[in-house]
There are 2 protein chains.
Amino acid sequence: MPVTPPPLDPVRLGAYFALMDVASLLRHAVEQQLREAGELSYVQFQLLARLGLDSPTGSHRMTDLADGVVYSRSGLTYQAGLLEKAGLVTRSPSPDDERGVTVTITDAGRARLAEVLPGHTEVVSRLLFEPLSHADAEALAQLLAPVREHMRSTPPRSAAPRRRGGARPGGS
Amino acid sequence: MPVTPPPLDPVRLGAYFALMDVASLLRHAVEQQLREAGELSYVQFQLLARLGLDSPTGSHRMTDLADGVVYSRSGLTYQAGLLEKAGLVTRSPSPDDERGVTVTITDAGRARLAEVLPGHTEVVSRLLFEPLSHADAEALAQLLAPVREHMRSTPPRSAAPRRRGGARPGGS
DNA sequence: CTCGTTAGCTTCGAATTCGAAGCACAAGTG
DNA sequence: CACTTGTGCTTCGAATTCGAAGCTAACGAG
């Protein structure tokens, strides 16, 4: 039974709106920059960045990539397919787990990443950090860190008994 | 000539990632709640909220709505069309400006809004504000306010001479 | 008044996104 | 080993999104 929660006070409401608004605007600007500079979507850029910058080997399992990116699994497959078709990554079965897929960035992928990264940095610096001092940025990061933790550890839904979900084995 | 900008220091990079991540997660959670509680998309909810809560008359021009929402004009038309088909708003030509369209929320629209609002508040409170004190929320709002201003006042692109943009007159 | 320009919104086609359903491999149980 | 359950990823169809193109109304200059 949904107990009517207390409405958000103006301060929180403002913070909520500002957060969503800033993120949307920033995302749109970044997307535009990426499209013009390197024909990349935001998701593709995130994947390349994760592979090229966060990984010493340049490889990741699809699942690991999905953890870093919010989007749905199917969307991830789609974008990874586009990246592969563009020659920026390769997909191969994982050595340990036959059903896993390992995605590896190619040299062309690294080159493309290096190509768009400066512009990306420039846009983020200009739009997000121009009005913020270094101390502000630090405060923002420290404010958001626990929120991120909290969201990532909270299940998507509280109740909802998950109607016998998942993979039915014997298909045909 | 894109002068290579200095890369983002770790603090700013962390703030940037945290911001985008938190906003994405929150948006997904909110979208899910809205879909389950009231068959509304996020954009539709924003439009209804703007009409039902922000406007004394319950009406707005399309342009005013577009200013509050980030999405494209065509997307706005699409969602407004869906809302109209669902009977939650009406669209009529603006009295002053014959080419403007005024969107007005209906009683059914207000009812639907009242229906989903508690759940929406609950999700936002739980996901975003549970790990934040009231002072934290205030700090967050004050940090983001100038950023929002800055983004909204900055043109989408700096250079790019806008190739003779807009409406070409003699179509046929 | 007539022409050229701008503003406001819609239509169109292509691309992206999601959730549900499906398949193949892995792991646990008897 | 046979069988059941769970994990990892992909395919599929529907819905949403965007940008470009188009149309009508308002505006400005000659």
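The chains referred to below are lettered A, B, ... by the order of the sequence lines, with proteins before strands, and numbering in each begins at 1.
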Choosing from D:dA25, D:dC9, C:dC18, which nucleotide comes nearest the side chain of B:R99? D:dA25
Verify the contact: side-chain N or O of B:Q79 to OP1 or OP2 of D:dT17, cut-off strictly under 4.0 Å; return yes or no. yes
Could you tell me whether the phosphate oxygens of D:dT17, OP1 or OP2, come under 4.0 Å of any side-chain nitrogen or oxygen in A:H28? no
Answer yes if the side chains of A:S24 and A:D21 hold a donor-acceptor pair under 3.5 Å, and no otherwise. no
Strictly by modelled atom types, are B:T102 and B:S92 linked by a side-chain donor-acceptor pair under 3.5 Å? no
Starting at atom CZ of A:R35, determine the distance to atom C1' of C:dT16, rounded to an integer number of angstrom. 11 Å
Length of the line joining B:E31:CD and C:dT17:P, which is rounded to integer Å: 13 Å
Is the ring pair B:H120/B:F45 parallel, tilted or perpendicular, if the boundaries are 30 and 60 degrees? tilted
Looking only at heavy atoms, what is the nearest atom pair of B:L143 and A:L132, with distance? O-CD2, 3.6 Å
Check DNA chain C against residues 83-92 of chain B and give the residues with a non-hydrogen atom under 4.0 Å, in numerical order. B:R91
Tell me, which of residues 40-58 of chain B have any heavy atom that sits under 4.0 Å from an atom in DNA chain D? B:V43
Interatomic distance, CE@A:M20 vs CG@B:L128, rounded to 0.5 Å, equals 9.0 Å
A side-chain contact here means heavy atoms from C-beta on lying under 4.5 Å apart; do A:V147 and B:L26 qualify? no
What does A:L65 touch in the nucleic acid at a heavy-atom separation under 4.0 angstrom: a base, only the sugar-phosphate, or nothing? nothing
